[in-house]
There are 2 protein chains.
Amino acid sequence: MPPQTANKECSLAVIKTACSNCNLRELCLPVGLSDDEMQRLDEMIQTRRRIKRGEHLYRAGQAFDSIYAIRSGFFKTDVLLEDGRDQVTGFQMAGELLGLDGISTEHHTCNAIALEDSEICSIPFSRLEGLSREIHNLQHHFHKVMSREIVRDHGVMMLLGTMRAEERLAAFLLNLSQRFTARGFSHAEFYLRMTREEIGSYLGLKLETVSRAFSRFQEEGLIAVQQKHIRILNIPGLKALMTHQPR
Amino acid sequence: MPPQTANKECSLAVIKTACSNCNLRELCLPVGLSDDEMQRLDEMIQTRRRIKRGEHLYRAGQAFDSIYAIRSGFFKTDVLLEDGRDQVTGFQMAGELLGLDGISTEHHTCNAIALEDSEICSIPFSRLEGLSREIHNLQHHFHKVMSREIVRDHGVMMLLGTMRAEERLAAFLLNLSQRFTARGFSHAEFYLRMTREEIGSYLGLKLETVSRAFSRFQEEGLIAVQQKHIRILNIPGLKALMTHQPR
DNA sequence: GTTATCGCTTGATCCACGTCAACCGTGTTA
DNA sequence: TAACACGGTTGACGTGGATCAAGCGATAAC
């Protein structure tokens with residue numbers, strides 16, 4: 001392992017990666033690039049790094065210089081207040097980008113933690129800016145990705161501000177299902193990588209409330225839960241839950 | 001009024017504007033540009049438009065082609081669900097940008113409504129991308145602005161997910177105060193442009209709860225409220241409210 | 001195999017905030 | 001000047017989800 005890439009925090013292995021033969025290229029940064037352009041992106045992304053379950057990819061306060069694309073695995077991001085309260089701000093899976101929050105102040109503003117053994121591609125941000133000055137498609141796609149993050153956050157705000165517990169959980173499950181589908185996995189059956197407490201933190205609920213809602217969904221035949229294994233039995237039923245009941 | 005800029009929805013007047021002599025240039029897009037670069041930005045931003053109180057700057061679903069800088073005035077953005085529920089996602093004041101959410105899908109995803117008579121500068125997005133390919137500072141600053149929006153949204157998620165009613169309102173008031181200060185207004189005395197209901201929607205509370213919290217703050221000598229006129233009497237007291245009480 | 005730990009479930013109770021409703025002050029219209 | 005609409009305040013009451021607590025299954029440590 002070359003010493004200049006060593007890092008006390010993460011077990012890592014530096015591997016030559018290539019966007020051009022990554023099966024996530026339709027979900028990640030290379031969307032819409034020509035072979036030639038993709039090759040130039042390849043040259044920029046030099047390292048693939050392994051992050052073991054439980055380890056931090058970065059921590060709030062650390063200097064920002066790269067964004068990260070998830071090659072495989074599953075992450076959460078969380079922020080914490082001085083008084084110790086914290087909240088999960090998102091769960092990220094393969095093909096999604098991490099670290100966009102750090103651009104603003106040149107320091108990361110949240111923690112990114114692997115929820116399973118994962119691999120990420122580091123993308124030095126200044127080089128991404130450089131390349132996106134030359135490749136219009138890259139520039140535009142990157143802007144779309146940032147904008148999509150803003151739209152996603154608005155969705156979460158909506159969820160936290162106006163939905164009741166069961167609606168939040170239904171929205172959460174449907175969102176996961178849809179993202180797994182986009183990655184070629186079953187839309188109806190998956191393993192949760194996060195605990196009830198982490199789900200609760202993300203949804204603004206206590207873990208007991210999450211657990212009760214899961215049980216309730218099961219009673220009603222909407223899902224089958226066994227620990228972290230989820231089977232969705234009635235998608236329209238879950239959707240109906242979301243589009244009712246004022247608060 | 002030139003017909004090509006006419007618009008049924010907004011009363012408008014097209015005026016030649018110039019970032020170079022705008023007193024918001026330290027808050028807005030031109031941050032860190034040289035005189036020369038600023039001039040090029042000037043050329044791109046051709047129109048200043050007036051939006052009267054209550055009018056939409058844009059609506060959810062409309063095609064996106066420009067972002068907007070607020071020259072003067074005050075806006076809210078809100079999203080609404082199919083079932084009629086809606087939520088205010090933000091309040092924007094002079095020097096802030098509107099419309100970033102539209103980049104992602106090429107359509108606006110929320111409504112932007114003036115809460116007082118306002119003036120905005122339209123910035124055609126494709127031209128902004130073009131210019132930011134040439135002016136590194138502009139590119140980088142724009143990325144920072146988008147990232148800042150993401151960080152802001154995380155703050156709101158934190159607020160909605162972990163804080164109780166009075167903490168939320170305290171955080172809201174302190175945030176407004178800080179933003180007014182940055183614009184050279186009093187940090188301790190201001191008029192709210194929005195109703196209790198809009199504040200409540202933003203904070204995930206009912207208007208009655210907002211009203212009660214205001215009254216409570218007044219009883220405790222933290223603020224003086226009279227309708228929309230607010231005087232902050234005890235900033236440390238408000239801050240203390242925020243950094244206590246688990247939930 | 002035993003023990004400890006962790007995540008999860010479930011029940012009983014409590015309380016912050018929502019709901020419903022009355023009333024009031026201010027600004028607008030006639 | 002009256003009448004009205006609108007936003008805000010305040011009280012009484014109800015409830016969804018938090019809190020507290022007990023117990024259990026799965027995994028890890030020894």
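Every chain is numbered from 1, with letters handed out A, B, ... down the list of sequences. Bear in mind that the values here come from a model prediction, so they are computed numbers and not experimental data.
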Q: For A/Leu169 and D/dG17, give me the distance from atom CG to atom P, rounded to whole Å.
A: 12 Å
Q: Kindly point out which of D/dA18, C/dC8, D/dT10 is positioned nearest to the side chain of A/Lys228?
A: C/dC8
**Q.** B/Arg164 side chain, from C-beta outward: closest of C/dC8, D/dT19, C/dC17
**A.** C/dC17
Q. Is B/Phe91 close to B/Leu192 at the side-chain level, that is, under 4.5 Å between some pair of heavy atoms?
A. no
**Q.** Beyond-backbone contact of B/Leu159 with B/Phe172, side-chain heavy atoms, under 4.5 angstrom
**A.** no
Q: Check every atom of C/dT10, C/dT19, C/dT9 against the side chain of A/Arg212 and return the nucleotide holding the closest atom.
A: C/dT10
Q | Given A/Arg148, A/Arg152, A/Arg183, the one that forms salt bridge (charged side-chain N to carboxylate O under 4.0 Å, His left out) with A/Glu96 | A | A/Arg183
Q | Integer-rounded Å distance: D/dG11 P and B/Arg216 CZ | A | 13 Å
Q: Measure the distance from CD1 on A/Ile199 to P on D/dG17 and round it to the nearest whole Å.
A: 16 Å
Q) Taking the side chain of B/Glu208 as its heavy atoms from C-beta onward, which of D/dT9, C/dC20, C/dC8 lies nearest to it? A) C/dC20
Q. Considering only C/dG18, D/dG16, D/dC20, which nucleotide approaches the side chain of B/Thr209 most closely?
A. C/dG18
Q: Between B/Glu219 and A/Val210, just flag the one whose closest nucleotide in DNA chain D comes earlier from the 5' side.
A: B/Glu219
Q: Counting heavy atoms from C-beta on, name the nucleotide in D/dG7, D/dT10, D/dG17 closest to the side chain of A/Ala165.
A: D/dG17
Q: Among D/dA21, D/dT9, C/dG18, find the nucleotide with the atom closest to the side chain of B/Lys206.
A: C/dG18
(Q) Could you check whether any side-chain heavy atom of A/Ile150 comes within less than 4.5 Å of a side-chain heavy atom of B/Thr109, counting everything from C-beta outward? (A) no
Q. Tell me: CD1 of A/Ile230 to C1' of C/dC8, nearest whole Å?
A. 12 Å
Q. Closest approach of A/Asn111 and A/Arg59, non-hydrogen atoms and distance?
A. OD1-CA, 3.3 Å
Q | Short N-O contact, A/Arg85 and B/Glu167, less than 4.0 angstrom | A | yes
**Q.** Closest to side chain of B/Ser211, choosing from D/dT9, C/dG11, C/dC17
**A.** D/dT9
Q: Would you tell me if any nitrogen or oxygen in the side chain of B/Arg196 comes within less than 4.0 Å of OP1 or OP2 on D/dG8?
A: yes
(Q) Tell me whether the side-chain N/O atoms of B/Ser215 come closer than 4.0 Å to OP1 or OP2 in D/dT10. (A) yes
Q | Ionic contact status for B/Arg50 with B/Glu119, cut-off 4.0 Å | A | yes
Q) Which residues satisfy the side-chain hydrogen bond (donor to acceptor under 3.5 Å, both in side chains) test with A/Asp117, sequence neighbours excluded? A) none
Q. At under 4.0 Å between heavy atoms, what does B/Leu205 touch on the DNA or RNA strands: base, sugar-phosphate, or nothing?
A. sugar-phosphate
Q) Rounded to whole angstroms, how far apart are CZ on A/Arg168 and C1' on D/dA18? A) 12 Å
Q) Roughly how many Å is it from CD in A/Glu166 to C1' in D/dG16, rounded to a whole number? A) 10 Å
Q: Do nucleotides 24-30 of chain D as a string where each nucleotide becomes B, S or -: B if the base has a protein heavy atom under 4.0 Å, S if just the sugar-phosphate does, - if no protein is that close.
A: -------
Q: Please state how far atom NE2 in B/His229 lies from atom P in D/dG7, giving the value in whole angstrom units.
A: 21 Å
Q: Calculate the interatomic distance between B/Glu198 atom CD and D/dG7 atom C1'; express it in whole Å.
A: 11 Å
